[in-house]
Amino acid sequence: MKTFGLIDCNSFYVSCEKIFNPYLKDKACVVLSNNDGAVVARDAGSKALKIKMGQPFFEIKDLVDRGLVIPCSSNYALYQDISNRVVKVIQSFVPFYEIYSIDECFVDLTGIKESELESLCKEIQKKILKDVGMPVGIGVGRTKTLAKLNNWASKNWKDKTGGVVVLIDMERQNKLLTFAEVNEIWGIGNRTTEKLKHLKITKAKHLADFDKQTLRKHFNVNIERTARELQGTVCFSLSEGPEPKKNIASTRMFGERIKELEPLRQAVATYAARAAVKLRREGQLTSCLQVFIQTSRFDSLPYSRTALVPLEAPTDDTRELIAAAQAGLTGIYRQGFAYAKAGILLSQFIDKKGYVPDLFAKPERRNTDKLMSLIDYVNRTQGTGTIRFAAEPENAGWGMKREFLSPAYTTKWSDLLKVRTT
DNA sequence: TCTGGGGTCCTAGGACCC
DNA sequence: TCTGGGGTCCTAGGACCC
């Protein structure tokens with residue numbers, strides 16, 4: 001029998017901001033998306049103010065102006081660093097874990113006595129809070145789906161549970177399943193919840209008990225697996241070590257609308273360069289690049305096109321990707337629209353190790369690796385943007401708006417927190 | 001005026017093959 | 001009037017996740 005745990009940071013982005021800014025501690029606080037467009041993270045205080053996930057900033061601006069809620073622009077460098085620190089603590093307790101997202105981590109607790117699980121979890125929780133300053137909730141169950149649901153319970157009944165819910169005994173687990181709505185289950189979204197209603201499935205327990213054949217026929221194999229997991233049968237196992245990515249995207253809304261081709265060419269080049277860095281970090285070559293541009297989906301006259309640019313040979317060379325992106329853009333750009341967003345998608349990867357170049361490959365490719373790894377090295381150690389391609393502008397008018405940005409407390413010497421002693 | 005970004009997996013259907 | 005069967009591969013679109 002297996003035992004899984006899920007460790008999940010509470011209001012992760014907001015908690016990161018609060019670690020370094022004690023002023024925020026007792027305030028209601030939200031973190032905004034790129035361009036300060038919408039709310040992407042809320043703490044208990046902002047939830048109490050009925051601020052919703054994804055709510056546009058202008059709708060809560062009034063609350064901000066009245067000082068009832070403090071906004072922060074998103075600061076991903078900070079969040080990633082805090083995330084790494086949390087994982088480090090987890091590592092020191094558990095050898096087998098899966099980093100599921102920036103704020104969640106599955107752990108394999110198989111073999112630990114049922115009577116000891118709760119105290120172990122409390123200890124992990126305490127240590128993460130003490131060493132990193134991050135509050136977490138922990139759910140433990142017989143499958144990943146159950147661990148996730150128990151984690152939800154740990155947050156939903158935080159006061160009663162202290163943020164730790166361990167359910168190994170299936171009778172007790174089933175009690176929770178009769179309480180929990182079906183849309184609280186991992187893998188069951190809005191659409192599926194609506195469809196399940198027609199089958200009179202509204203609680204987690206209904207789904208667990210439902211005929212698996214019928215589920216598979218009406219939905220798909222994953223819904224069937226989810227239902228089995230609710231009964232305690234392991235269908236999803238821990239995947240250790242990150243799988244190689246199958247797609248890489250780099251997309252952004254612009255800080256302001258763009259009408260002309262030239263700034264679009266710059267934007268697309270900038271995103272292509274960013275995607276290329278991710279690609280090289282993965283050790284992959286791409287054979288296909290997609291570039292898209294779109295107006296706002298709220299526009300009365302929307303326009304959205306994607307160009308698919310096959311590459312002559314698999315590559316991770318920024319120069320080739322920029323050229324491909326701009327060539328694709330030329331084909332889809334139409335005058336007369338106010339573009340709000342553009343992006344690059346890379347797909348169809350080949351592992352770089354073991355790739356044998358085509359007999360007819362262009363000879364200049366030979367310089368690629370040295371040049372690219374030098375650029376990556378300089379940018380990694382001296383700061384992003386130290387070396388740019390000419391196609392990428394230094395300061396673009398359409399660049400990101402981040403009005404409420406916190407300092408890079410942990411990743412930039414100049415932003416280090418200062419402590420004054422008097 | 002102002003509405004996120006980056007992923008994964010599954011399925012249906014078309015193209016193509018023998 | 002009649003019009004194979006079975007297989008693979010690829011893509012677009014849908015649904016989900018954080």
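Per chain, numbering begins at 1; letters A, B, ... match sequence-line order. Being a predicted model, the structure only gives us computed values, none of them experimental.
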Would you call the rings of A:Y13 and A:Y79 parallel, tilted or perpendicular, taking 30° and 60° as the class edges? parallel

When rounded to whole Å, the CG to C1' distance for the pair A:N183 and C:dA15 reads 15 Å

Nearest-Å distance for atom pair CZ/P, residues A:F236 and C:dC16: 14 Å

Going by an N to O cut-off under 4.0 Å, is there a salt bridge joining A:D36 and A:R402? no

Would you mind classifying the nucleic acid contact of A:D36 as base, sugar-phosphate or nothing, using non-hydrogen atoms under 4.0 angstrom? nothing

Using a heavy-atom cut-off of 4.0 Å across all strands, would you classify A:F12 as base, sugar-phosphate, or nothing? nothing

Nearest whole Å is fine: how far is C:dC17 P from A:L6 CG? 14 Å

Specify the separation, in whole Å, of atom CZ of A:R191 and atom P of B:dT11. 18 Å

Please classify the nucleic acid contact of A:I99 as base, sugar-phosphate, or nothing, using heavy-atom distances under 4.0 Å. nothing

For A:Q348, which contact category applies under a 4.0 Å heavy-atom criterion: base, sugar-phosphate, or nothing? sugar-phosphate

For A:K401 and B:dC2, give me the distance from atom NZ to atom P, rounded to whole Å. 9 Å

Donor-acceptor pair between A:T384 and A:N379 side chains, under 3.5 angstrom: no

Sorted by number, the residues of residues 131-146 of chain A with heavy-atom contact under 4.0 Å to DNA chain B: none

In short, A:K18 meets A:K27 closest at the heavy-atom pair NZ-O, 3.1 Å

Sidechain N-carboxylate O distance under 4.0 Å for A:K401, A:E256: no

Length of the NZ-P vector between A:K195 and B:dT11, whole Å: 12 Å

Is a donor from one side chain sitting under 3.5 angstrom from an acceptor on the other, for A:T193 and A:N190? no

Whether A:Y271 and A:F254 hold their rings parallel, tilted or perpendicular, with breakpoints at 30° and 60°: parallel

Please work out if A:K52 contacts a base, only the sugar-phosphate, or nothing of the nucleic acid, heavy-atom cut-off 4.0 Å. nothing

Let me know the distance between CG of A:D8 and P of C:dC18, rounded to the nearest Å. 8 Å

Assign a letter to each nucleotide of nucleotides 3-10 of chain B from its 5' end: B, base within under 4.0 Å of a protein heavy atom; S, sugar-phosphate only; -, no contact. BSSSSSSS

Before giving the answer on side-chain contact (heavy atoms from CB on, under 4.5 Å), spell out for A:W186 and A:T226 the whole-Å C-alpha distance, their side-chain angles and the decisive distance to 0.1 Å. CA-CA 8 Å; A:W186 185 37; A:T226 297; over 6 Å; no

Determine whether the aromatic ring centres of A:F57 and A:F404 lie less than 6.0 Å apart. yes

For DNA chain C, what is the dot-bracket line, given that a base pair needs Watson-Crick (N1 to N3, plus N6-O4 or O6-N4) or G-U wobble (N1-O2 and O6-N3) geometry with both distances under 3.5 Å, and | means paired with another strand? ....||||||||||||||

Using a 4.0 Å heavy-atom cut-off, does A:Q55 contact any base of the nucleic acid, only the sugar-phosphate backbone, or nothing at all? nothing

Between the OG1 atom in A:T251 and the CD atom in A:Q294, the distance rounded to the nearest 0.5 Å is 8.5 Å

Between C1' on C:dC16 and CD1 on A:I185, what's the gap in Å once rounded to a whole number? 14 Å

Any luck finding a side-chain donor-acceptor pair between A:E392 and A:T270 under 3.5 Å? no

Just call it for A:L32: base, sugar-phosphate, or nothing, with non-hydrogen atoms closer than 4.0 Å on any strand. nothing

When you check the side-chain N and O atoms of A:S347 and A:N247, is any donor under 3.5 Å from an acceptor? no

